[in-house]
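Single-structure report; data block below.
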Amino acid sequence: MTSGLARSSIAICVPVRDEAAALPHLFEAVEALVLPAGGTLTLCLLLDGCRDDSARVAERYRSVARPRVHLAEVERGMPNAGLARRRATAMAGGADIILTTDADSRPAPDWVEAMLAGLARADVVAGRVVREGDVASLLQDRVERYYDALFALRRMLDPVCWEAPVTHHHASGANLGVRGYVYRTLGGFVPLASGEDARFVDDAGRGGWRVRRDAGAVVRTSARRDGRAEGGLAHVLRALDRGSGVEVAHPADAAWQYRMQAAARGAFRDGTIDARTVPIGLTTDHLIGVARDCPNAEAFAMRVVPVPPGGMRPVALALAEAELAKLSDAQAVAA
């Protein structure tokens with residue numbers, strides 16, 4: 001599956017902000033990666049105004065590393081995950097494959113192999129992130145299981161040929177892979193304080209690129225509560241630790257969107273776009289106008305389908321879980 005990409009130039013891009021304690025674990029994981037014969041690997045480390053020993057630790061690793069290591073340093077500013085990740089990936093230059101992870105994360109030994117296998121079928125691969133640490137978050141585990149099951153329903157209702165056999169729901173810069181020319185065409189990560197990874201994946205889908213969510217490409221990351229990006233995973237875990245009420249998207253609303261995306265995809269492919277084949281409340285002229293600007297069915301499906309008429313209703317997690325189970329069972333029977 002990876003034969004066409006085996007001789008690729010691969011860049012692993014990592015923003016680093018005061019991570020001297022975590023970097024040795026990342027480097028140990030990089031050394032353990034199984035690499036394709038004929039490919040080249042470069043580790044790109046962006047030192048984001050570090051005030052600890054991160055630069056010294058990184059420089060020491062560069063002197064003994066198996067892959068090539070590129071280091072760059074910028075002055076310290078306000079934390080901005082998107083800008084830091086954008087600068088880190090800029091270090092990849094013209095690499096064929098760009099992989100991103102975080103300094104407090106550890107890719108599995110087969111990570112590169114799994115990413116290349118996914119990118120042989122897709123343009124962007126969002127891998128699974130597994131949280132590790134002494135302090136568990138059972139509520140976060142439960143929320144993630146809900147959204148994983150919701151995404152599985154999505155692919156039951158709107159299947160695509162490039163999707164992974166085992167999926168998940170998340171899109172995280174701690175575990176993301178993209179073909180280099182696709183990354184450059186999209187213009188890279190937007191410099192958002194947080195959420196730059198989900199935005200990039202959304203932009204890829206709207207651009208018509210094939211996005212694969214692959215649970216077989218695994219990165220383990222810290223479940224720490226003192227994260228570097230406001231609004232990131234650590235922020236979410238702290239909120240859950242405080243017992244904040246959890247509401248999620250109603251699965252019936254999400255299912256409506258998935259069905260309409262499937263209808264839009266099929267209508268674009270078959271050349272039957274009108275208000276009857278894509279019943280989302282838009283006129284045929286409007287639908288055709290959107291389609292004219294879309295390079296393929298994926299772009300049309302991602303751009304034209306709105307949220308449900310009543311919006312995405314937030315509901316309590318327990319209710320959402322029960323309703324999702326009913327929807328999934330009904331779809332399994334129908335299939």
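The model shown is predicted, which means the values in this text are computed figures rather than measured ones.
- For the 3.5 Å distance criterion, the side chains of Gln257 and Gln261 fail to qualify, holding no donor opposite an acceptor.
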**Message:** One pair to check against side-chain contact (heavy atoms from CB on, under 4.5 Å): Asp214 and Val125. What are the steps and the verdict?
**Reply:** CA-CA 7 Å; Asp214 195 337; Val125 174; 4.0 Å; yes

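- No side-chain heavy atom of Thr101 sits less than 4.5 Å from a side-chain heavy atom of Asn175.
- Between Leu71 and Glu59 there is a side-chain heavy-atom pair separated by less than 4.5 Å.
- Of the possible polar contacts, one joining the Ser54 side chain to the Glu19 backbone as a donor-acceptor pair under 3.5 Å is found.
- With sequence neighbours excluded, the residues forming a side-chain contact (heavy atoms from CB on, under 4.5 Å) with Ala114 are Ala217, listed by chain and number.
- Val248 is not listed as a side-chain neighbour of Glu321, based on a closest heavy-atom distance of 4.5 Å or more.
- Within the 4.5 Å cutoff, the side chain of Pro295 has no heavy atoms near those of the Phe300 side chain.
- Separation of the Tyr147 and His169 ring centroids falls under the 6.0 Å cut-off.
- For the side-chain contact (heavy atoms from CB on, under 4.5 Å) test with Val16, the passing option among Asp52, Leu46, Asp104, Leu23 is Leu23; the others fail.
- Leu327 is listed as a side-chain neighbour of Leu153, based on a closest heavy-atom distance under 4.5 Å.
- Residue pairs meeting the salt bridge (Lys or Arg N to Asp or Glu O under 4.0 Å) criterion with at least one member in residues 289-312, sequence neighbours excluded: Arg265-Glu298.
- Among residues at least two apart or in separate chains, side chain to side chain donor-acceptor pair (under 3.5 Å) pairs with a member in residues 27-48 are Arg17-Asp48, Glu31-Tyr61, Thr42-Arg68.
- With contacts defined as side-chain heavy-atom distances shorter than 4.5 Å, the pair Phe200/Val211 does not qualify.
- Residues passing the side-chain hydrogen bond (donor to acceptor under 3.5 Å, both in side chains) test with Arg76 are Asp18, sequence neighbours excluded.
- Contact check for Leu99 versus Val112: side-chain heavy atoms found under the 4.5 Å cut-off.
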Identify each donor-acceptor pair in which a side-chain atom of residues 304-317 lies under 3.5 Å from a protein atom, sequence neighbours left out, and give them as a table.
from: Arg313; atom 1: NE; to: Asp253; atom 2: OD1; distance (Å): 3.3
from: Arg313; atom 1: NE; to: Asp253; atom 2: OD2; distance (Å): 2.9
from: Arg313; atom 1: NH2; to: Asp253; atom 2: OD1; distance (Å): 2.9

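- Within the structure, the salt bridge (Lys or Arg N to Asp or Glu O under 4.0 Å) test picks out no pair touching residues 174-188 (sequence neighbours left out).
- At a threshold of 4.5 Å between non-hydrogen side-chain atoms, the residues Met260 and Val278 do not count as touching.
- Within 6.0 Å of CZ on Arg212 lie more than 12 heavy atoms contributed by other residues, nucleotides or ligands.
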